[in-house]
Amino acid sequence: QGYSSIASEMYYQLDGNKPDAVILSVGGGGLLNGVVQGLQHVGWVDVPIVAMETEGADSFAAACKNRELVTLPDITRLVDNNYCVYDSQGLVTQVINTP
């Protein structure tokens with residue numbers, strides 16, 4: 001199950017009550033992608049997700065803006081273990097196809 005199990009854990013700890021939002025960081029997109037899948041699994045498709053990433057290593061923001069997979073030319077900030085010059089194609093496709 002990987003990261004998708006986070007949503008199941010939230011569901012059980014919140015006794016099925018939806019959170020107002022889910023806030024998480026984005027590196028290569030694996031955590032975000034898993035949480036989105038998990039929220040779908042527990043029926044919380046309308047829960048907003050606030051995804052943040054480091055300025056200068058913001059490949060997800062660039063992909064959302066361009067509505068396609070983007071490879072950054074370089075990482076322009078010193079970041080520690082939470083960056084990627086591109087995100088997963090599956091995540092970008094999912095975001096593009098979500099209203």
Side-chain angles (χ1 to χ4, degrees):
Q1 286 184 333
Y3 291 125
S4 68
S5 65
I6 293 171
S8 296
E9 183 68 25
M10 289 170 44
Y11 182 86
Y12 292 116
Q13 288 195 22
L14 295 172
D15 294 323
N17 296 306
K18 291 181 185 179
D20 293 330
V22 174
I23 302 170
L24 49 79
S25 63
V26 178
L31 174 62
L32 176 56
N33 200 21
V35 169
V36 167
Q37 291 176 7
L39 291 175
Q40 292 170 344
H41 178 75
V42 299
W44 289 352
V45 296
D46 57 340
V47 172
I49 299 174
V50 179
M52 301 170 289
E53 64 188 335
T54 305
E55 182 180 343
D58 48 355
S59 56
F60 179 65
C64 289
K65 180 179 178 182
N66 290 294
R67 303 197 52 79
E68 66 181 358
L69 191 62
V70 172
T71 300
L72 298 178
D74 196 10
I75 302 298
T76 60
R77 295 268 182 162
L78 177 62
V79 289
D80 205 13
N81 295 327
N82 190 29
Y83 67 88
C84 191
V85 293
Y86 64 91
D87 292 292
S88 73
Q89 179 64 53
L91 175 62
V92 173
T93 301
Q94 188 170 35
V95 169
I96 291 169
N97 292 326
T98 300

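The figures that follow rest on heavy atoms only: side chains count, while hydrogens, waters and symmetry mates do not. Start at 1 with the first residue, then count along the sequence. The model shown is predicted, which means the values in this text are computed figures rather than measured ones.
Two residues are said to be in side-chain contact when any heavy atoms from C-beta on lie closer than 4.5 Å; Trp44 and Leu14 meet this criterion.
Scanning both residues, Gly2 and Ser5, for their nearest heavy atoms gives O-OG, 2.7 Å. Nearest heavy atom pair, residue Pro48 against residue Asp20, reads CD-O, 3.3 Å. Looking at every heavy atom in both residues, Ala7 comes nearest to Gly38 through CB-C, 3.2 Å. Closest of all the heavy-atom pairs between Phe60 and Ala51 is CE2-CB, 4.2 Å.
Partners of Ala62 by side chain to side chain contact (heavy atoms under 4.5 Å, CB included), not counting sequence neighbours, listed by chain and number: Asn66, Val70, Leu72. The side chain to side chain contact (heavy atoms under 4.5 Å, CB included) check on Ser8 picks up Tyr12, His41, Val42, with sequence neighbours excluded.
One distance of note links CD of Gln37 with CG of Leu32; it measures 10.0 Å at 0.5 Å rounding.
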Note to self: Under the criterion side chain to side chain contact (heavy atoms under 4.5 Å, CB included), I'd like the reasoning laid out for Ile6 against Val22: C-alpha separation, chi angles, the key distance, then a yes or no.
What the structure shows: CA-CA 11 Å; Ile6 293 171; Val22 174; over 6 Å; no
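The neighbour count for Asp46 CG, taken as heavy atoms of other residues, nucleotides or ligands under 6.0 Å away, is above 12.
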